[in-house]
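Each chain gets a letter, A, B and so on, in the order the sequences are listed, and its residues count up from 1.
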Amino acid sequence: MVKITLPNSEIKEYQDGVTILEIAKNISPSLAKKAVFATANDIDSPLNKSITQDCNLILHTSDEPKSLDNLRATLSFFLGKAIKKFDQTAVLGDHGFNDGGFFYDSDIATGQISADQLPEITKLVINELNQNNKLVCVRSSIDEAITIFKENSYQVELLKSLKTDYVYINTFEDYKDFSLIPLLTNYQNIKYFKLLFVAGAYFLGKSSNKMFQRISGTAFFSKKELEEDEKKREIARSHDHRVLGQQLDLFFVNPEIGAGLPYWLPKGATIRRIVERYIIDKEVDAGYQHVYTPVLANLNLYKTSGHWAHYREDMFPPMDMGDGELLELRPMNCPSHIAIYKYKPRSYRDLPLRIAELGMMHRYEKSGALSGLQRVREMTLNDGHTFVALEQIQDEFKKVLKLMMEVYRDFDIKDYKFRLSYRDKANTEKYFDDDQMWERSQSMLKGAMDELGLEYYEAEGEAAFYGPKLDVQTKTAMGNEETMSTIQLDFMQPERFKLTYVGADGNDHRPIMIHRGIIGTLERFVSYLIEIYMGAFPTWLAPIQVDIIPVNNDLHQDYVKKIEADLKKEGLRVQADLRNEKMNYKIRESQTQKIPYTIIVGDQEKLSGNVTIRRYGQEKQETLNESSFIELIKSDIANFSRED
RNA sequence: GCCGCUUUAGCUCAGCAGGUAGAGCACCACCGUGGUAAGGUGGGGGUCAGCAGUUCGAAUCUGCUAAACGGCACCA
C-alpha cells in the first residue's frame with residue numbers, strides 16, 4: 001500500500017502501483033475528468049504514472065491556466081504523429097507549445113506542405129485523437145532521451161539544446177516523441193483545436209540552419225474559449241494601425257514608390273507634429289539642447305563609429321560620388337551628435353552635455369520585416385545623447401527614466417515591460433570586442449535598475465553592438481513585441497572617437513555616452529498610439545478636434561462659420577461640414593472618423609448663442625454656450641484628456 | 001532574406017468550368033434635405049500587380065519578378 005497526501009493534508013491509502021488517474025477517479029469522477037497532470041513529490045507527472053511509494057500529490061485540472069500548456073503540448077504530439085501519417089518521409093524537428101498555441105516543425109523530402117492541406121492534416125489529428133488511451137508518457141533523463149531518439153539527429157540536437165535535465169517520453173504504439181511537460185494521457189476530451197497556418201521556421205532559431213515547415217495551431221479546453229480566441233484575433237485586426245491608418249487617412253505606404261517608406265497624410269502628420277512639439281518642449285525643459293544634423297555623412301564617419309563593421313547589413317549601400325567620396329545614409333544619429341560634442345573642447349563643467357534631435361535615419365530592413373509604420377526603412381528617432389563623467393551615469397540614468405515615466409503618463413501608456421538587453425556571450429563577433437567594458441556597463445545598468453527597485457527581465461543577445469540597453473517592450477495589436485523606448489550605455493564610441501573633456505584636475509578624461517530614445521521613432525510611436533486609442537485620439541492629439549454641423553446648410557451656415565472662426569482663433573483644430581448632405585449623414589461620418597467633439601447648431605443655438613455638443617462614442621448631447629464649450633475643450637486638452 | 005498565402009475600380013470584395021469584367025461604399029451631376037449614425041436618380045472610373053509562356057482566345061492555366069499579409073530570422 002502507498003500513502004497519498006493530498007493538498008488538504010488528507011492521507012489516503014491505495015494499492016501499490018495505482019495510477020494517478022485512478023486516484024483522481026477515486027477522489028471524484030468529475031475531478032478525474034478535469035485532471036490534466038499532477039505534481040507528485042514536486043515532480044510534474046502524467047496521469048498514467050503509477051505510484052509506488054508514499055507521496056504528496058497535487059492534481060492539476062483544466063481550470064488552471066497553465067494546464068493549457070499541457071493540452072497544447074499534447075496536441076503538438078498528435079500533430080507530429082499526423083504529419084508522419086501524412087507523409088512517411090517527414091523528418092520531425094522542433095515542436096511544442098507557445099503563448100498562442102502549439103506547433104510542429106517538419107521537413108518533408110517530397111515537397112512543402114501547403115495551407116490547402118491543413119484540413120487534411122486536421123482530419124488526421126482527429127483520427128489519432130479518436131484512438132483512445134494508447135498514449136504512455138514517462139519522465140526520463142535527457143541522456144536516456146538522446147539514446148531513444150538517436151536516429152533523428154535533429155531531435156538529438158534539440159534535446160542537447162534544452163536547459164532542463166528531464167523530458168517526457170511519449171509513446172503511442174510504435175510512435176515516439178518527447179515533450180517538456182507531461183501530456184494529457186486522458187486525451188479523449190480534446191476537441192477544441194484549430195490548425196491555423198503553415199510557415200517556415202529555422203531549426204533552433206538560427207537563420208544559418210535548415211528551414212523547416214512549421215504548422216501552427218491553437219487549442220483550448222472549451223469551445224467557448226476557442227471561439228473567443230478567434231474573436232480576439234478579429235478585434236486585434238480592428239486595432240491594427242494599418243487598417244485604421246487607411247480608414248482615418250493617416251498615412252500610406254505605396255510599394256511602387258518604395259516599400260517601407262511611409263507617407264504621412266495631413267491627419268497623420270498633424271498627430272506627428274503634436275507629438276514632436278510635445279517631446280521637444282519636454283526635452284528642452286529637461287536640459288537637452290536640440291540640434292539638426294544631416295542624414296548623409298561621409299562613410300568614414302561610420303567606419304570610425306564601428307557601424308560599418310558591425311551594422312552594415314542594415315545600412316543602405318554607400319553612394320559613390322565619383323571623386324573618391326563615399327556618402328552614406330545614416331542608420332543612427334550617434335556619430336552626428338558625437339561630431340557636435342567634438343566641435344569644441346569640452347570641460348567637466350559642460351557635463352552632462354545633452355544633445356537631442358528628431359533625427360531621420362535610414363535602415364535597409366529585410367523585406368519580410370516591413371510592417372506599416374512599425375517597421376520602416378526611413379524613420380525619425382526621438383534621439384538624445386548625454387555625455388557624462390563616470391560618476392554621473394547613475395544620476396543621468398535616473399533622470400532619463402523619470403522623463404520617460406512622465407511622458408508615458410501623458411500619453412496614457414501603461415502596458416509595457418522593462419528589458420535589460422545584454423550581449424550574447426556565445427556570439428561576440430556581433431559586438432565591440434572588450435569583455436571588461438561589457439561586464440562593467442552591464443552590471444552598472446542592472447545596478448541602477450535594482451537600486452530604483454523597478455521590475456525587469458534580462459535578455460542576452462539583445463544589446464546594441466556598442467553597449468547594453470534598457471529597453472521598454474510593448475505589444476502591437478497583432479501581439480508582436482516591439483521596443484519603444486531605450487536607454488543605452490556606451491563606453492565604446494567615446495573611445496573610438498577619442499572624445500575627451502578637461503577635468504577639474506586639468507587633465508583629459510574620457511566621457512561616457514548615454515543613448516536614449518524616449519518615444520522611440522515617431523513612426524513606431526504613432527503606430528502604437530493609433531493602436532492603443534483604436535484611432536479615437538484624445539482631444540489633445542486628435543487631428544480634427546471639433547466637427548461643426550448645421551441642421552440646415554442654408555439657414556445656419558453663417559453661425560457655423562462664426563463658431564468655426566472663434567474656435568480657430570483659440571488654436572483649435574476645427575472643421576465645418578457644409579457639404580450638400582443631410583445632417584444625419586454628417587453626424588455618422590463625424591462618428592466614424594472618431595472626432596472627439598461634434599457640434600450641431602440650428603435655430604435654437606443660433607438664437608441663444610449656444611452650441612449642442614456630442615462627444616465621440618456617446619449618444620448623449622449637451623447644450624452650452626460657446627465660451628463654456630471653449631473652456632471645456634481647453635481643459636480637456638490641457639490635462640491630456642485624462643480623467644484623473 | 002526564408003516558408004506559406006494573396007494581389008480584380010480610390011476602398012471592401014464577387015467573378016467557383018479559359019470566350020475581352022461586376023456589386024456596395026467613395027467620387028461627379030441633378031433633385032431633395034429641420035434636430036443626432038447612411039435621402040433619391042443618373043454618370044464617370046479597371047492594360048484584372050508587372051513581364052513572359054501555353055492557347056484560335058487568358059482576370060482565369062504555367063513560369064519569373066514585385067509588393068501586401070501570416071510566421072521564421074532580424075530589429076527602433
query: How about Thr483(A) and Gln473(A): does a side-chain donor come under 3.5 Å of a side-chain acceptor?
result: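 Yes - a donor-acceptor pair under 3.5 Å links their side chains.
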
- request: Go through the side-chain N and O atoms of Gln374(A) and Thr476(A) and say whether any donor and acceptor fall under 3.5 Å apart.
  value: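 The answer is no; no qualifying pair exists.
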
message: One thing to verify: whether Arg375(A) and Glu523(A) come together as a salt bridge, which I'm taking to mean a side-chain N less than 4.0 angstrom from a carboxylate O.
response: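 No, this pair does not count.
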
- prompt: Do the charged groups of Glu157(A) and Lys210(A) touch, with an N to O distance under 4.0 Å?
  reply: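 Looking at Lys210(A) together with Glu157(A), the answer is no, because their closest N to O distance does not fall below 4.0 Å.
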
field: Check against ring-ring contact (aromatic ring centres under 6.0 Å, His included), Phe97(A) and Phe102(A)
entry: CA-CA 4 Å; Phe97(A) 59 93; Phe102(A) 61 92; over 10 Å; no

Counting heavy atoms from C-beta on, name the nucleotide in [options] closest to the side chain of [X].
| X | options | answer |
| --- | --- | --- |
| Ala199(A) | G34(B), C3(B), A67(B) | C3(B) |
| Gln621(A) | G32(B), G1(B), U36(B) | U36(B) |
| Ser207(A) | A73(B), G34(B), C3(B) | A73(B) |
| Arg375(A) | G35(B), C75(B), C3(B) | C75(B) |
| Asn584(A) | U36(B), C74(B), C2(B) | U36(B) |

query: Any side-chain N or O of Lys469(A) under 4.0 Å from OP1/OP2 of A76(B)?
result: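 Lys469(A) to A76(B) OP1/OP2: side-chain N or O found under 4.0 Å.
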
query: Should Arg516(A) be listed as having a side-chain N or O under 4.0 Å from OP1 or OP2 of A76(B)?
result: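 False: Arg516(A) side-chain N/O out of range (4.0 Å or more) of A76(B) OP1/OP2.
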
For [X], report the nucleic acid contact type (base, sugar-phosphate, nothing); a contact means any heavy atom under 4.0 Å.
| X | answer |
| --- | --- |
| Arg524(A) | base |
| Ser367(A) | base |
| Thr612(A) | base |
| Gly517(A) | nothing |
| Arg363(A) | base |
| Ala369(A) | base |

Regarding [N], can its base be found pairing with the side chain of [X] as donor and acceptor, where the two atoms are less than 3.5 Å apart?
| X | N | answer |
| --- | --- | --- |
| Gln213(A) | G71(B) | no |
| Glu365(A) | A76(B) | yes |
| Tyr202(A) | G1(B) | yes |

message: Cation-pi check for Tyr585(A) against Arg579(A): NZ or CZ below 6.0 Å from the six-membered ring centre and within 45 degrees of the axis, yes or no?
response: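 Here Arg579(A) fails the 6.0 Å and 45° test against Tyr585(A).
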
Sub-4.0 Å heavy-atom contacts from residues 549-560 of chain A onto RNA chain B, ordered by number: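 Only Val551(A), Asn552(A), Leu555(A) qualify.
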
task: Scan Phe432(A), Tyr302(A), Tyr431(A) and name whichever one has a ring pair (Phe, Tyr, Trp, His ring centres under 6.0 Å) with Phe465(A).
output: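 Of Phe432(A), Tyr302(A), Tyr431(A), ring pair (Phe, Tyr, Trp, His ring centres under 6.0 Å) with Phe465(A) is met by Phe432(A) alone.
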
field: Atom C1', compared across G10(B) and C28(B): separation rounded to whole Å
entry: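 That atom pair is separated by 14 Å.
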
